Each structure stands twice: as C-alpha cells, then as structure tokens.
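A short write-up of the structure that comes next.
Small disclaimer: the values here were computed from a predicted structure and weren't measured.
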Amino acid sequence: MTRPRRDPRAERASIQVAGEARPRFDRTARRTGSGRPRRDPRTERAGQRVAAEARPRYDLSQTVRFDAPVATDAQPKTAAAPPPKILIVEAPAFLVAVVPDAPGGRLSSHDRQVLGAARALAGREGGVAILTLGACEGVGPAGADRWLPLDVVEGYDPATQAARVAAALTALAPRYVLFPESLDGGDLARRVAVRMGEPVFTNAEVVAANGLVRPARGRRVEQRIAPGLLATVAPDAVAEYGGPPREARPLPVEAEAPTPSLKRIVSATRVPADPATVPLALAEFVASVGNGITDLDTFRQVVAALRATPGASRVLCDAGLMPRHTQVGASGTVLAATCYFALGISGAPQHLQGVAGCEHVVAVNTDLHAAMIERAGLAIVQDAQVVMPALLRLLADEAGESV
C-alpha cells in the first residue's frame, strides 16, 4: 500500500475549536482522504438565499461552494449580470430584406417570425436588413443587422408606400425580400411586386437550406422560392429569432424618392371593431375573470373602460355566471392576444395552455405562488376586488372624468 494510513483521532483533534469548554469542531476545515474539501450543505443553502426577502427564498440556479461567503443585505450574493454581447456583421456577403407591419412603431409577433425566417436564410455569411416606416423598437434583439427607416406616409396611401419600399429595395438589391402574410403586409407585398415587376411567393411555411417552402396542390407537393423573389411568410409557421441581439446599424442608403402620383383613395379610415363582440381567438386584448371575483358588475366596467374583450375561466362558465363562448383554455378558446389580463385566476394547466400564445400576461391574485402569477410578465399580488375599483379610478383620472 502506498497511501498513508488515516488516523481518525488525529484528524478530529486537528479540527477541534480551541478555547471551548464543550468540545466543538470546525467541520469546514475537514478534508477527505482525496484532499478535496468536505461539503457543508448548510453553508451552501445559506449562500443560495436571496437577500432582503422576509420569507426565505433561494436561487437554486446558483452553485455555491461550501467556503464561499454568505450573502447579506449589505453585500449582495452575486454581481449584476453583464449586458448581452451585441453581434456585429461588418461586411455581409448578401442581404435578406424584411418589410414588417410594425403597428404603432413596435414589432408584432408575426413580424418577429418573419425576422426569424430571414435570419435562417442569411446564415453566418449574410445579413438581415429591416425596412420600417418611421421609428421602430427592438429591431436589433429581433435579429436585424441593418436598419433602413423610411419616411412615414401621411394618411392611407398604399401606392406611395409601395413606391418608397420598391425604391429602397432596388437600391439595396437583397437576395430575398420577406413580408408578413397579414392584412397590411400581404397587400403591400403584392403592390411592391407589381411595381418592381417581380413575382411574389405567398404563404411560405418552412425555411429550407436553399430557400422558403410552401405546400401546393392540396398540400401534396412542395414549392420552393428562388433567390431574388419576393415572399410572404405565413403566421405561426417559423420560429422567432432567439439568439443574442444584433447591431441594427442604420443604412446610409439614399433611395430615389418616387414621383407623386394621383391619389386614387381620397379618404380612408380604419373603423375598430367592438371589442365586446370580437371572437376570443381574434382578440388582441383580453381581460378574463376567475373564481376569485364575485363582483362581476365591476369586472364588466373594467372591461369596458379598458376596451378589452371579456374572457372567463371554466369554473365561472360552468356555474353559468359567464357565457360559454368566453371560456379561455384548452377546453375553450386558445388565445393569440397581444395582452392577457387575468383577474382572480389561479392558473389551471388547461387555462395556461389557452394563454400560451399571448405575448404579454398581467395577473392579479392574492397567492404569490399561483401558476398564473409565475406565468405573468407583470404580477400584482393583491385582491382583485380591491384592484378593480382602483383601476377604474385611475382610468377615469386619465380621461378627466369622475367616478
């Protein structure tokens, strides 16, 4: 045997704390026969505790050594996370252009899916250029390497808008041009295709190595797009870009301004639909009520003040307190709303399946550990019966009315 023989008495005596009437031992100083320090589960658990919390909470994503200092309120456990690294493509071999809808100056979920398709087509050598009418938020994190903001078209003038986009695309000469297959994006894609004299490849559903793919002839065959064509991407067909943020460097492209043509559309106004009658599957903003709400009259006032579409959990629909067509969940209606406002809903698995496609979730519940609170991007841990009147007062103050 080449290993030295262990002496348990000597090891125990070496970790005994001196000056103590009762024998006490420093277990953190004890080492195993391999020379590695012995784990102290209590110290590791204390190192994972989140500081400044009245109720003990632990960050289990952290792996704390037994001899690491324990975090206190004055000394945070971990430093602030560094900002994500921005990827920069200095000289892309080619460009894939994206013309999003960007309603209200922000990318929709469908727009980000189109950027995800463009990012897959660009690969490592190419770059993604986004063309927007005016300012737009979050184009870099969505996957854009270059950004070309165009002048905003006053009023509803699709012909002038298509002319400006066509002039910019002619100056960029991208390999692919992608539009969302939506009400506005599909119309713009066809107008641009007519102006540029190019065919348009509609309703692409798959991103392949050599282009986009769509089903045809009753989904019995597949058609692929050739480089240089315009294409529209179907909704919920391609995943969004999930990588690190991109640079979104402004493009110094000076496209030739189109000559003003005779405006054929004299006046056009978008008439919003009544949110109370919009089907849940098509609604953009849904306010839903759960079993934690008893004052349904106040809930209806909140829905009307927010101009939201009413929804409900299965418990209230089964009890006959809300109509069956307002039920949200796997056994009711699966939503694709931009915002979902849940009042007094704990979050059963079937209900969470119904709101999985919502972009933003706001939840009000008294239970801090409710599943809906964990799902929400903004959570209010309070009784919804108290929140609703306060919300009505705030909305009335903004409108200059009195409640």
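- The side-chain contact (heavy atoms from CB on, under 4.5 Å) test applied to A237 returns E205, A234, not counting sequence neighbours.
- Of the N and O atoms on the side chains of S182 and D101, at least one donor lies less than 3.5 Å from an acceptor on the other residue.
- Under the rule for a side chain to side chain donor-acceptor pair (under 3.5 Å), T338 has no partner lying at least two apart in sequence or in another chain.
- From T366, atom OG1 reaches atom CD of Q385 across 10.5 Å, with rounding to the nearest 0.5 Å.
- Expressed to the nearest 0.5 Å, how far OG of S331 lies from CD of Q353 amounts to 9.0 Å.
- Between I345 and V328 the shortest side-chain heavy-atom distance does not fall below 4.5 Å.
- Rounding to the nearest 0.5 Å gives a distance of 12.0 Å between CG of D187 and OG1 of T232.
- Defined by atom type and a distance below 3.5 Å, a donor-acceptor pair is present between the side-chain atoms of Q327 and R324.
- Residues satisfying the side chain to side chain donor-acceptor pair (under 3.5 Å) test with T333, not counting sequence neighbours, are none.
- Pairing each heavy atom of L188 with each of A162, the nearest pair is CD1-CA, 3.8 Å.
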Report the C-alpha separation of E247 and V89 in whole Å, then their side-chain angles, then the decisive distance to 0.1 Å, and conclude whether the side-chain contact (heavy atoms from CB on, under 4.5 Å) test is met. CA-CA 8 Å; E247 182 184 13; V89 180; over 6 Å; no
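- For V361, the side-chain contact (heavy atoms from CB on, under 4.5 Å) test picks out Y340, C358, M372, R375, A376, with sequence neighbours left out.
- In this structure, the side chains of L115 and P100 stay at 4.5 Å or more apart for every pair of heavy atoms.
- Contacts classified as salt bridge (charged side-chain N to carboxylate O under 4.0 Å, His left out) and involving residues 330-359 (residues at least two apart or in different chains) are given here: R106-E359, R112-E359.
- E284 pairs by the side chain to side chain donor-acceptor pair (under 3.5 Å) definition with nothing, not counting sequence neighbours.
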Candidate pair V207 and L212, rule side-chain contact (heavy atoms from CB on, under 4.5 Å), full reasoning: CA-CA 5 Å; V207 180; L212 296 170; 3.7 Å; yes
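- Annotation: side chain of K85 is not in contact with side chain of P244 (no heavy-atom distance under 4.5 Å).
- With sequence neighbours left out, D383 forms a side chain to side chain donor-acceptor pair (under 3.5 Å) with no residue at all.
- Applying the salt bridge (Lys or Arg N to Asp or Glu O under 4.0 Å) test to D145 and every residue at least two apart in sequence or in another chain returns R119, R246.
- Nearest heavy-atom pair across G344 and N365 is C-ND2, 3.9 Å.
- When all heavy atoms of V152 and R164 are compared, the closest pair comes out as O-NH1, 3.3 Å.
- Screening residues 292-314 for salt bridge (charged side-chain N to carboxylate O under 4.0 Å, His left out) gives D297-R300, R314-D318 as the qualifying pairs, with residues at least two apart or on separate chains.
- Identified under the side chain to side chain donor-acceptor pair (under 3.5 Å) test for residues 126-139, with sequence neighbours left out: T132-W147.
- Side chain of D111 to main chain of S108: a donor-acceptor pair is present (N/O by atom type, distance under 3.5 Å, no hydrogens or angles).
- Side-chain contact between V165 and R195: absent, with no pair of heavy atoms (C-beta onward) separated by less than 4.5 Å.
- For Q113 (side chain) and D236 (main-chain N/O), a donor-acceptor pair under 3.5 Å exists by modelled atom type.
- Here the CG atom belonging to L378 is positioned 8.5 Å from the CZ atom belonging to F341, to the nearest 0.5 angstrom.
- You'll find the side chain of L131 reaches within 4.5 Å of the side chain of L172, heavy atoms only.
- Looking at every heavy atom in both residues, R146 comes nearest to A91 through NH2-N, 4.5 Å.
- Across all their heavy atoms, A371 and G347 have their closest contact at CB-O, 3.3 Å.
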For residues 272-282, which side-chain N or O atoms pair as donor and acceptor with protein atoms under 3.5 Å away, sequence neighbours left out?
unit_1	atom_1	unit_2	atom_2	d
D274	OD1	A276	N	3.3
T277	OG1	D274	O	3.0

Start with the C-alpha gap between L391 and L306, add the side-chain angles, then the distance that decides, and say whether side-chain contact (heavy atoms from CB on, under 4.5 Å) holds. CA-CA 10 Å; L391 182 58; L306 293 174; 4.2 Å; yes
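- Under the rule for a salt bridge (Lys or Arg N to Asp or Glu O under 4.0 Å), the partners of E181 that lie at least two apart in sequence or sit in another chain are R190.
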Derivation and outcome, side-chain contact (heavy atoms from CB on, under 4.5 Å), residues V99 and V192: CA-CA 11 Å; V99 185; V192 172; over 6 Å; no
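- Residues I373 and D367 are not in side-chain contact: their nearest non-hydrogen atoms beyond the backbone lie 4.5 Å or more apart.
- Taking CD of E125 as the start and CZ of F94 as the end, the distance is 7.0 Å to the nearest 0.5 Å.
- The heavy-atom pair separating G126 from P92 by the smallest distance is C-CB, 3.9 Å.
- With rounding to the nearest 0.5 angstrom, the CD1 atom of I293 is 9.0 Å from the CG atom of L316.
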